[in-house]
Every structure is written in C-alpha cells, then in structure tokens.
Amino acid sequence: NVAPDVERLLSRIREQATRTSRIVKNLLNVARRRGPERTRVLFNDVVTSVVDLFSYDAKLSNIHIVPALDPDLPPIQADRHALQQILVNLVQNAIQSMRSRGVGGTVEITTGHANAMVFLTVADDGPGIAPEARSRLFEAFFTTKGPDEGTGLGLAISRGIAREHLGDLVLEDRADGKSGAQFTLRVPISDHPGITPSIIDRVIPDGVPARVLVIDDEAAVRDSLVAQLSRLGAQVESAATPSEAHVLLGSGAPYDAVLLDVRLPGQSGLDVHRTLRSANPALASRVVFMTGDLINDDVIRAVRSTGNALLEKPFTTLELRQALAKAHAGA
C-alpha cells in the first residue's frame with residue numbers, strides 16, 4: 001500500500017507530466033492544424049486543479065489566488081488538458097507581472113455562463129498591459145517578458161486552442177475599473193448546436209472491447225498496456241515483433257481491436273496493417289495505431305491516410321478507452 005501523502009505526490013507528478021505532454025502535442029497541433037480531442041469537461045474542475053497547482057508558490061510572494069466559481073456552470077465538450085494549459089498560462093502570467101513589482105497582489109478567477117457560452121476570467125491587480133503592446137499580445141513570439149522568462153508562444157497558442165473549441169480568448173478592461181489585466185476565455189456550452197458529443201458518451205461504460213491484441217516491441221510499454229486493459233476487464237494478448245503479430249493475427253482468434261505500434265523491428269506497423277487489411281479487412285478497420293514519433297509528419301500522414309485512429313505516446317487511460325471504443329464501433 002502507498003502512503004496517502006506519497007499517493008498525492010505521485011498523482012501530482014502524473015498530472016503535470018501529462019500536461020507537459022499535452023503542451024508538446026498542442027505545439028505540434030498548431031503546425032498540423034489538428035483539432036483537439038473532446039470529452040465532457042466541468043470548467044470549475046479545471047480551475048480548482050490550477051488553483052491548487054499555483055496557490056503555494058503564489059503565497060510565497062504574497063499573491064493570493066481567489067476563485068469565484070459559478071455553482072450552476074453547465075459542462076462543455078472540450079480538451080480538458082488544453083483548457084488547463086490556457087488557464088495555467090494566464091495565471092502564471094498574472095503572477096509574474098505582480099511578482100516583478102515585489103508588493104504582492106490578487107489574482108481573481110471567475111467562471112459563469114451566458115448566451116450559450118461558458119466564460120472564465122482571470123483578473124490581476126498588477127501593472128497591466130502597456131497600450132503599445134495590447135494590439136500585438138496574441139502574436140506568436142511577441143513577448144513583454146525578459147529573454148529568460150517567456151517565448152511569446154503562450155497567449156498565441158492559448159487563443160488558438162480557444163478558437164479550435166469554437167470560442168475565443170480576449171484581453172479586456174477590468175469590469176471593476178481597477179488597474180491590472182483581465183483575460184476572458186469563452187467556450188460554447190455542450191448542447192450548443194454544432195458541438196459533437198464525445199465518443200465516450202456514445203459507448204458502453206468504459207468503452208473497452210472484450211478482446212484486444214497489443215503489438216509493441218518495447219516491453220515496458222507492452223506490459224503496461226496489457227495491465228491497463230486487463231484492469232478494465234478486457235482479455236489481452238500481446239506480440240513484440242511483426243512475425244509474432246502475423247502468427248496471432250492469422251490464428252483466427254476473434255480480436256475485437258488491435259493496438260499497433262507504428263515502429264517495429266524489421267517491419268513497420270503500417271506494413272503489418274497492410275497485410276491484415278488484405279486478409280481480414282474488418283479487423284484491419286479496428287486497428288488503433290500508436291507512436292511516439294510526433295515530429296515525423298510523413299509518419300503521421302501515412303497513418304492518417306489509413307483512416308484508423310492514432311494514439312500519440314504518452315497517452316492516458318481515458319484516451320486509450322476512447323480510441324478503442326471508436327475503433328470497435330467502426331467510427
């Protein structure tokens with residue numbers, strides 16, 4: 001058994017490692033212009049997690065983070081980690097601006113809803129945004145920070161994420177007339193026309209196919225996937241090489257889905273998929289590709305051209321469930 005304090009620490013490490021992975025993926029999304037993944041998200045939960053992340057560090061500089069959360073806030077369909085990234089960036093910017101003065105201050109985070117949109121505002125009582133910088137604030141690589149403090153990408157990426165969610169991120173004057181900066185994020189409510197329900201809301205609980213084949217040459221990854229899927233109730237078999245995979249796929253076993261790494265020794269996952277498509281097109285359509293090669297656009301395009309789902313390593317159990325549910329449903 002793990003001690004409660006150790007478990008909390010491990011949970012925090014995992015959450016931030018996942019967020020870091022998402023930041024990298026979102027940078028690549030900007031280049032590839034891919035849309036975010038959607039699940040049912042409660043905006044207030046995102047705020048609570050970010051407040052918990054920053055509250056201790058902020059207090060060291062006599063900065064207080066004050067949430068004012070709408071208790072009746074409806075859910076939205078969104079990429080939770082991407083929205084968390086926006087809020088992390090806004091809160092971090094506010095803290096840095098006030099810390100530079102050395103006199104402390106307050107960051108107010110407010111949530112609410114109106115006109116089929118949920119909104120979130122982050123307002124600080126720092127020095128504010130200089131008039132000459134306001135028009136360029138969301139430009140990529142434009143920054144008012146020092147060379148060691150910012151890249152100029154945070155607000156540009158944040159606005160891009162907001163607009164991918166059919167919303168927007170804007171700089172506004174503080175409604176209460178105080179000095180400082182106020183940013184407002186608006187995103188459509190889940191039942192707003194044009195928002196597609198998430199895959200996981202359209203499948204049976206957990207959305208896990210009954211029998212799954214895992215093909216990955218990395219033992220640690222393979223064993224982890226087998227363990228995760230087994231805990232979710234699936235019957236799992238695994239293969240480490242293309243030859244092992246061909247034997248299992250040719251055995252006639254009634255697999256409901258296949259998790260297939262793109263890079264394998266001797267033969268690529270795409271080669272394995274092509275062979276399977278000739279022999280068993282129905283099962284080939286239920287293949288979920290996996291890759292950690294996020295830089296190679298040729299690989300990404302080749303996988304996308306198959307029409308099959310792609311999981312970018314590292315991925316969460318939720319993302320795994322969604323991809324398998326989609327593959328099994330033939331979506």
Side-chain angles (χ1 to χ4, degrees), residues 21-22 25-26 28-39 77-79 82 164-166 194-204 206-217 221-222 225 228-229 234 236-239 242 245-246 248-250 252-264 267-331:
S21 169
R22 285 292 181 159
K25 289 179 182 178
N26 282 325
L28 293 170
N29 284 343
V30 170
R32 291 201 293 265
R33 298 187 180 275
R34 293 191 295 124
E37 297 175 358
R38 309 298 176 91
T39 59
Q77 293 291 337
D79 184 322
E164 284 178 341
H165 284 79
L166 306 183
I195 301 298
T196 304
S198 66
I199 295 163
I200 206 161
D201 290 336
R202 303 198 303 263
V203 299
I204 59 174
D206 289 332
V208 179
R211 188 165 183 176
V212 181
L213 173 63
V214 175
I215 306 169
D216 197 305
D217 62 314
V221 174
R222 190 172 61 253
L225 287 170
Q228 286 184 68
L229 291 168
V236 191
E237 295 181 48
S238 66
H246 288 306
L248 291 172
L249 291 169
Y255 297 116
D256 298 300
V258 178
L259 277 171
L260 176 58
D261 192 26
V262 174
R263 294 199 176 279
L264 295 170
Q267 199 178 29
S268 75
L270 287 163
D271 292 329
V272 173
H273 181 258
R274 276 191 289 270
T275 301
L276 179 61
R277 190 164 52 193
S278 298
N280 190 340
L283 182 56
S285 69
R286 299 196 298 272
V287 167
V288 175
F289 287 100
M290 306 177 290
T291 186
D293 188 0
L294 307 184
I295 303 298
N296 193 330
D297 280 339
D298 290 338
V299 171
I300 300 297
R301 281 194 294 269
V303 174
R304 297 291 184 197
S305 69
T306 67
N308 290 63
L310 172 64
L311 283 169
E312 297 178 350
K313 299 177 182 178
F315 46 81
T316 65
T317 301
L318 176 60
E319 291 169 326
L320 174 63
R321 284 165 46 187
Q322 285 182 301
L324 286 172
K326 182 177 180 180
H328 187 241

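Keep in mind that this is a model prediction, so the values were computed, not measured.
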Distance col, row Ile215:CD1 vs Ser238:OG, nearest 0.5 angstrom, shows 9.5 Å
For His165 and Gln77, the nearest pair of non-hydrogen atoms, with its separation, is CD2-O, 4.1 Å
Between Val288 and Ala327, the two heavy atoms sitting closest are CG2-CB, 3.6 Å
In the structure I gave you, are the side-chain heavy atoms of Val287 and Leu276 within less than 4.5 Å of one another anywhere? yes
Exercise for the section: Answer whether the closest heavy-atom distance between the side chains of Thr39 and Asp79 falls below 4.5 Å. Expected result: no
The reported gap from CZ in Arg274 to OG1 in Thr306 (rounded to nearest 0.5 angstrom) is 10.0 Å
Any heavy-atom pair between the side chains of Leu259 and Leu229 that's under 4.5 Å? yes
Sorted by chain and number, sequence neighbours left out, ring-ring contact (aromatic ring centres under 6.0 Å, His included) with His273 holds for Phe289
- Query: Do the charged groups of Asp217 and Arg222 touch, with an N to O distance under 4.0 Å?
  - Reply: no
dist Lys326:NZ -> Arg286:CZ (nearest 0.5 Å) comes out at 15.5 Å
*Side chain proximity check, Met290 to Phe315, heavy atoms < 4.5 angstrom*: yes
Please evaluate residues Leu248 and Leu213 with respect to the criterion side chain to side chain contact (heavy atoms under 4.5 Å, CB included), reporting the C-alpha separation (whole Å), side-chain torsions for both, the decisive distance (0.1 Å), and the verdict. CA-CA 8 Å; Leu248 291 172; Leu213 173 63; 3.7 Å; yes
Residue set satisfying side-chain hydrogen bond (donor to acceptor under 3.5 Å, both in side chains) with Ser268, at least two apart, ordered chain then number -> Asp271
* Is the shortest distance from a Lys or Arg side-chain nitrogen in Asp216 or Lys313 to a carboxylate oxygen in the other one below 4.0 Å? -> yes
Heavy-atom closest pair (Ala302 atom, Ser305 atom, distance to 0.1 Å) is O-OG, 2.6 Å
Heavy-atom nearest pair, Leu264 first then Pro242, reads CB-CG, 3.9 Å
- [ ] Would you confirm whether Asp261, through its side chain, and Gly269, through its main-chain N or O, come within 3.5 Å as a donor-acceptor pair?
- [x] no
Gln267 and His246: side chain donor to acceptor below 3.5 Å:
yes
Value for CD (Gln228) from CG (Leu320), rounded to nearest 0.5 Å, stands at 6.0 Å
Between Pro209 and Leu324 the two heavy atoms that sit nearest each other are CD-CB, 3.7 Å
In Asn280, Leu283, Val272, the residue satisfying side-chain contact (heavy atoms from CB on, under 4.5 Å) with Val258 is Leu283
- [ ] Test Glu237 against Arg211 for side chain to side chain contact (heavy atoms under 4.5 Å, CB included), laying out the working first.
- [x] CA-CA 8 Å; Glu237 295 181 48; Arg211 188 165 183 176; 2.3 Å; yes
When you compare the side chain of Val299 with that of Arg263, does any pair of heavy atoms fall below 4.5 Å? yes
